[in-house]
Amino acid sequence: DLTLEDQIYGSKGQPINITHLHPIEYNRPCYKIPFDNGETIIADENHEWFTQTRNERCKGIEGSIKTTKQIKDSLKPWKTSTEPNHRIPMVLNGIENNKKELPIDPYVLGLWLGDGSKDSGSIIVGNRDFEHLHNKLKENNQFDKLTVKKYPYTDAYYIRITSNDCIQTKSLTSLIKKYGLYKNKHIPEEYFTASREQKIQLLTGLMDSDGYIEKVNGTAMFYASCKKLSEQVKRLITEVGYKTSVQIKQAKFKGVNKKLSYGISFKPREVVTTIPFKFQRLKCESTTEHHPQKRSKIHYILDIRTCERVPVRCITVES
């Protein structure tokens, strides 16, 4: 479906131009390639990849170009080894887009998606985090009125996020209705085409609400009971440059099965939460000083299997 008017993302995450579309080919030998992050790609046997084999990394060689067929024929480095032989580098800074005007402040949207009422512009906050989040919301430039209500007999607060001016159009409740979020929590598509900084703000709001930082190794985890939202959060985390894994658990209450819980985990290299106890657990690493052996910063090709033949096309790009 690509045209010469389209752009794609290059190996460093930047938008690049397509300079030539080669003819679509049919009935070519095709292979299905699963990666260790759960993604699967179908490619022609002559498609070219830049990979690093175990032998190349032992010799300090950055890598080389191989076809799909060549990778298939050298999947395992040794008969006794279970480690995949081929790996490709990740785009550690994710994909880059320009900053754009968004209808709802990305941090506030993230908070609401995590701990908000699905039918109003309000969030529920526990006693431990109330003061911090209340002060943070007061610093927000889009919404200038917060109404706080304490739930009786609990340690939870109800914060209504609104505006002193034009409440019918500028309050969080009116905006979630206008943009199709009312009783339909999801990340609107335009947030995925925003700048990386804006997407990090959205992720921070999500982590400040339904996120968790593991105490020992600093692994971050976001939990959701909505499958659609969990898939979108996984996409968001991937697009800012992190390798993710997903855990699905059956939630139970008094022995009765409830909703499935989806947990998306990743290893943050930057600040992705402002909640004090979560922030203290972060073990951020520089993207420029990363250890090349760490699996969280590379993709492994797990297997290559013959699959159905589908239309394929090569493209030439300005990169």
Side-chain angles (χ1 to χ4, degrees), residues 13 36-38 89-96 99 105-116 123-140 155 157 159 187 191-192 194-225 229-247 249 261-299:
D36 66 334
N37 68 338
M90 286 183 58
V91 184
L92 293 180
N93 288 320
I95 59 175
E96 298 289 347
K99 187 175 181 179
D105 176 89
Y107 176 78
V108 174
L109 177 62
L111 273 184
W112 179 80
L113 288 171
D115 282 339
I123 61 171
I124 299 172
V125 182
N127 184 60
R128 179 192 58 194
D129 302 327
F130 169 73
E131 183 177 356
H132 172 82
L133 286 178
H134 188 244
N135 289 334
K136 190 160 181 62
L137 286 170
K138 285 194 291 186
E139 298 170 359
N140 185 267
D155 286 330
Y157 289 84
I159 305 178
I187 301 174
Y191 284 78
F192 290 106
S195 69
R196 186 180 187 278
E197 179 185 358
Q198 289 174 307
K199 287 191 279 191
I200 287 292
Q201 291 171 1
L202 173 59
L203 177 58
T204 302
L206 289 161
M207 291 298 298
D208 275 1
S209 53
D210 275 354
Y212 176 78
I213 306 296
E214 207 279 328
K215 191 173 183 179
V216 176
N217 58 20
T219 297
M221 180 79 77
F222 176 82
Y223 294 96
S225 59
L229 180 60
S230 71
E231 290 172 345
Q232 288 190 313
V233 173
K234 180 181 187 299
R235 175 185 170 189
L236 176 71
I237 297 170
T238 301
E239 289 190 3
V240 297
Y242 291 107
K243 186 175 180 178
T244 61
S245 62
V246 179
Q247 299 174 7
K249 294 183 179 180
S261 173
Y262 301 88
I264 302 99
S265 62
F266 64 103
K267 290 281 291 183
R269 298 182 300 270
E270 61 201 300
V271 174
V272 292
T273 181
T274 68
I275 300 295
F277 91 93
K278 298 179 186 179
F279 177 84
Q280 292 170 2
R281 294 180 174 183
L282 287 172
K283 301 185 188 309
C284 297
E285 304 168 26
S286 167
T287 57
T288 58
E289 298 173 358
H290 67 277
H291 194 291
Q293 300 297 326
K294 290 191 176 179
R295 286 178 176 262
S296 65
K297 295 165 186 172
I298 45 183
H299 290 306

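FYI, the numbering just counts along the sequence from 1. Note that the structure is predicted; figures quoted are calculated from it, not measured.
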query: Of all residues at least two apart in sequence or in a different chain, which pass the side chain to side chain donor-acceptor pair (under 3.5 Å) check with Asn37?
result: Glu39
Exam field: side chain Lys249 to backbone Gly263, donor-acceptor pair closer than 3.5 Å: no
message: Suppose we screen for salt bridge (Lys or Arg N to Asp or Glu O under 4.0 Å). Which residues come up paired with Asp36, at least two apart in sequence or across chains?
response: Lys243
message: Within this structure, what is the CZ-NZ distance for the pair Arg235 and Lys199, rounded to the nearest 0.5 Å?
response: 8.0 Å
field: Contacts of type side-chain contact (heavy atoms from CB on, under 4.5 Å), residue Ser209, not counting sequence neighbours
entry: Leu111, Asp115
- prompt: How many angstroms lie between CG in Leu113 and CD in Gln232, if you round to the nearest 0.5 Å?
  reply: 8.5 Å
statement: Glu231 meets the side-chain contact (heavy atoms from CB on, under 4.5 Å) criterion, sequence neighbours left out, with Lys227
task: Tell me, please, which residues at least two apart from Tyr212 pass ring pair (Phe, Tyr, Trp, His ring centres under 6.0 Å).
output: none
field: Atom of Arg269, atom of Lys297 and distance for their closest heavy-atom approach
entry: CD-CE, 3.6 Å
- request: Quick one: list whatever passes side-chain contact (heavy atoms from CB on, under 4.5 Å) with Glu131, sequence neighbours left out.
  value: Asn135
message: So Tyr262 and Lys234, do their side chains get closer than 4.5 Å, heavy atoms only?
response: no
- prompt: Could you go step by step and tell me if Ile237 and Val272 meet the side-chain contact (heavy atoms from CB on, under 4.5 Å) rule?
  reply: CA-CA 10 Å; Ile237 297 170; Val272 292; over 6 Å; no
statement: For Ala220 and Met207 the tightest heavy-atom approach is CB-CE, 3.8 Å
message: Return the CG to OG1 distance between Asp208 and Thr274, rounded to the nearest 0.5 Å.
response: 3.5 Å
query: Looking at Tyr107, does the NZ or CZ of Lys136 lie under 6.0 angstrom from its six-membered ring centre and within 45 degrees of the ring axis?
result: yes
Residues which pass side-chain contact (heavy atoms from CB on, under 4.5 Å) with Lys278, listed by chain and number, not counting sequence neighbours: Ile213, Thr273, Ile275
query: Can you list the residues that meet the side chain to side chain donor-acceptor pair (under 3.5 Å) rule with Ser245, with sequence neighbours excluded?
result: Ser265
message: According to salt bridge (Lys or Arg N to Asp or Glu O under 4.0 Å), who are the partners of Arg281, at least two apart in sequence or on a separate chain?
response: none
- request: Decide if atom CZ of Phe279 counts as having more than 12 heavy atoms of other residues, nucleotides or ligands within a radius under 6.0 Å.
  value: no
query: side-chain contact (heavy atoms from CB on, under 4.5 Å) between Glu214 and Met221: does it pass, once the steps are laid out?
result: CA-CA 8 Å; Glu214 207 279 328; Met221 180 79 77; over 6 Å; no
- request: State the OH-CD distance between Tyr191 and Gln201, to the nearest 0.5 angstrom.
  value: 10.5 Å
statement: With sequence neighbours left out, the residues meeting ring pair (Phe, Tyr, Trp, His ring centres under 6.0 Å) with His132 are none
- prompt: CG/Asp210 to OG/Ser230 distance, rounded to the nearest 0.5 angstrom?
  reply: 12.0 Å
Side chain to side chain contact (heavy atoms under 4.5 Å, CB included) partner of Ile200, chosen from Arg196, Gln198, Glu197: Arg196
Which atom of Pro268 lies closest to which atom of Leu282, heavy atoms considered: CG-CD2, 3.9 Å
- request: Quick one: list whatever passes ring pair (Phe, Tyr, Trp, His ring centres under 6.0 Å) with Phe192, sequence neighbours left out.
  value: none
task: Decide yes or no for Ile159 and Phe130: does some side-chain heavy atom of the first lie under 4.5 Å from some side-chain heavy atom of the second?
output: yes
field: Pairwise side-chain contact, Leu137 with Ile123, heavy-atom cut-off 4.5 Å (strictly under)
entry: yes
statement: Correct closest heavy-atom pair for Val125 and Asp129 would be CG1-C, 3.8 Å
query: About how many Å separate OG1 of Thr244 and CZ of Phe222, when rounded to the nearest 0.5 Å?
result: 13.0 Å
- prompt: Considering residues at least two apart in sequence or located in another chain, which fulfil the ring pair (Phe, Tyr, Trp, His ring centres under 6.0 Å) criterion with Tyr242?
  reply: Phe266
